[in-house]
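Written below as structure tokens is the structure these notes are about.
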Amino acid sequence: MIQQTRPWRSVLYIPGSKERALEKARELPADAIIFDLEDAVAPDEKPAARELLAKVLAEDDYGGRAKIVRINGFDTEWGRDDAAAFATAKIDALLVPKVSSPADLDAVAAVAPNVDLWAMMETAAGMLNAAAIGAHPRLKGMVMGTNDLAKELGSRFRPDRLALQTGLGLCLLAAKANSLIIVDGVYNAFKDEEGLKAECEQGRDMGFDGKTLIHPAQLAVANEAFAPSQSEIELARRQIDAFHAAKAAGQGVAVVDGRIVENLHIVTAEATLARAAAIAAMAE
Ligand code: COA
Ligand code: MG
């Protein structure tokens, strides 16, 4: 389990071409921002967006928010120049789209040797190769691209995301096996708060660290859903206290609220407290 030093509850996409949104994001309560050069930017705007983004990121006033740049694929005319343009920028990661095999990451790693890489997991081949992709030595995070995945599967939207579950599960396993951050896909209906809440809670319960978002109106819901609740924090504290007391009394396990507490539960409880502390630090 990763002891996170920063929260990833809300990861907001911003089209790299939208100056107003880029400016606005400096005030928004997002844990991380994905500055997009790929699908949110029209082909004839790509070079100008790259230039604008390089200028905006050089100013570096996004506070504690993590900064991730999503580049175009290396099978397009823009991908290599995108990677080169941000290879030494003050950012937290380059996000590589449509990663289908570790070779897709190798290609970007060669152009940008000193920046963390994250992978968009959004192709059928990517799902099948998730284990090998997740083990790539330069990879630090995964982002589910559920719209592209649904498109390739030919599946329909359902609130339970039945058709996507296999892919989501494979990527979660690959991320956890390699101690990577993993962030869930977007919820397209950005005015449907109830639907977003349900999907955030589903992703949280599965083990995602947070959700990618497309609109500022989605931030509060994701921030709440992916934060430990007050009662979870209190339970974690009580479990840790009870376990230490049991240990001091020569016992290996404790009982809290009628449930057994073993060493492995303490690892989870400590991770909960670490997440709460990271969120509190973000708010300062
Ligand atoms: N990040 C930061 N600010 C954003 C934003 C975003 N993703 N989306 C909208 N805003 C800002 C707008 O600039 C506007 O600011 P203002 O009123 O202060 O000028 C405010 O939020 C309200 O925007 P609104 O009018 O409700 O949205 P819209 O109709 O202009 O745009 C979308 C709707 C979905 C097109 C837009 O939110 C968007 O482009 N989202 C990102 C899409 C994306 O990146 N997709 C790729 C990954 S799936
Ligand atoms: Mg995509």
Side-chain angles (χ1 to χ4, degrees), residues 9-43 45-46 48-50 52-53 56-57 59 61-63 65-76 78-79 82 93-100 104-105 108 117-127 130 133 141-155 157 161 164 167-168 171 182-193 195-196 199-200 203 208 210-223:
R9 297 165 298 170
S10 50
V11 180
L12 180 66
Y13 281 103
I14 305 188
S17 52
K18 284 198 182 166
E19 203 161 358
R20 171 83 193 113
L22 291 169
E23 196 179 303
K24 198 178 163 78
R26 297 193 167 104
E27 308 298 324
L28 294 173
D31 287 341
I33 299 170
I34 297 177
F35 299 94
D36 191 22
L37 296 171
E38 198 218 12
D39 284 350
V41 178
E45 290 187 318
K46 299 262 190 201
R50 186 195 299 136
L52 173 64
L53 198 52
V56 163
L57 287 173
E59 289 164 16
D61 46 3
Y62 284 90
R65 300 163 189 82
K67 292 171 292 186
I68 298 174
V69 173
R70 184 164 79 168
I71 61 174
N72 288 283
F74 273 31
D75 56 344
T76 72
W78 310 287
D82 290 346
L94 278 184
L95 176 58
V96 184
K98 301 183 177 73
V99 175
S100 290
D104 294 335
L105 295 173
V108 180
L117 301 183
W118 280 39
M120 287 299 304
M121 301 301 288
E122 52 186 345
T123 66
M127 302 303 118
I133 293 167
M142 288 182 168
V143 176
M144 297 309 308
T146 40
N147 279 329
D148 271 300
L149 184 59
K151 177 181 139 208
E152 195 174 339
L153 294 177
S155 62
F157 172 78
R161 298 197 288 177
L164 302 179
L168 294 173
C171 292
I182 181 161
V183 183
D184 202 355
V186 300
Y187 188 73
N188 293 336
F190 59 87
K191 291 182 179 158
D192 171 12
E193 203 171 306
L196 172 66
E199 205 174 275
C200 283
F208 285 100
K211 194 154 179 74
T212 44
L213 307 171
I214 50 173
H215 192 280
Q218 297 183 312
L219 287 164
V221 172
N223 281 342

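In listed order, ligands and their atoms are each counted from 1.
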K98 backbone acceptor or donor facing E122 side chain under 3.5 Å
yes
Residue and atom name of the nearest protein heavy atom (relative to atom 30 (O) of ligand 1), distance in Å to one decimal:
K18 NZ, 4.9 Å
Do any of the N, O or S atoms of E122 sit under 2.8 Å from the Mg ion (ligand 2)?
yes
Charged N to carboxylate O under 4.0 angstrom, D36 versus K18?
no
Ranked by distance from atom 43 (C) of ligand 1, the top protein heavy atom is A40 CB, 3.6 Å
Could a heavy atom of A25 be found less than 4.0 Å from some atom of ligand 1?
no
Give the contacting part of N147 toward ligand 1: side chain, backbone, both or neither, where contact means a heavy-atom distance below 4.0 Å.
neither
Whether Y62 and F35 hold their rings parallel, tilted or perpendicular, with breakpoints at 30° and 60°:
perpendicular
Measure the shortest side-chain to side-chain distance between L94 and D82 over non-hydrogen atoms and say whether it is less than 4.5 angstrom.
no
Ignoring hydrogens and geometry, is there a side-chain-to-backbone donor-acceptor pair from N223 to P29 under 3.5 Å?
yes
Is there a protein heavy atom at a distance of less than 4.0 Å from atom 11 (C) of ligand 1?
yes
If you compare M120, E38, K24 by their heavy atoms, the one closest to atom 14 (C) of ligand 1 turns out to be K24
Is atom 28 (P) of ligand 1 close to the protein, meaning a heavy atom under 4.0 Å from it?
no
Is there a nitrogen or oxygen of I214 sitting under 3.5 Å from a nitrogen or oxygen of ligand 1?
yes
Under 3.5 Å between any N/O of R70 and any N/O of ligand 1: does that happen in this structure?
no
Out of T146, I14, V41, whose heavy atom is nearest to atom 1 (N) of ligand 1?
I14
Within the structure, does at least one protein heavy atom fall under 4.0 Å of atom 45 (N) of ligand 1?
yes
Mark yes or no for whether D31, through its side chain, and R9, through its backbone, hold a donor-acceptor pair below 3.5 Å.
yes
Can you confirm whether more than 12 heavy atoms, excluding those of E59, are under 6.0 Å from its CD atom?
yes
Do V56 and R26 touch side chain to side chain, with heavy atoms closer than 4.5 Å?
yes
What residue and heavy atom of the protein are closest to atom 8 (N) of ligand 1, and at what distance?
P216 CD, 3.5 Å
Any side-chain to backbone donor/acceptor pair from K46 onto W78? Under 3.5 Å, distance only.
no
Can you tell me which residue and heavy atom of the protein come closest to atom 33 (C) of ligand 1, and the distance to 0.1 Å?
F190 CZ, 3.9 Å
Considering just N/O/S atoms, say which atom of D148 is closest to the Mg ion (ligand 2).
OD2
Taking both backbone and side-chain atoms of R20, is any N or O found less than 3.5 Å from an N or O belonging to ligand 1?
yes
Counting heavy atoms only, which part of A21 comes closer than 4.0 Å to ligand 1: side chain, backbone, both or neither?
both
Between E152 and A125 (side chain of the first, backbone of the second, donor and acceptor by atom type, cut-off under 3.5 Å), is there such a pair?
no
Closest protein heavy atom to atom 26 (O) of ligand 1, given as residue, atom name and distance to 0.1 Å
H215 NE2, 2.7 Å
Looking at side-chain heavy atoms only, is the closest gap between I34 and T212 below 4.5 Å?
yes
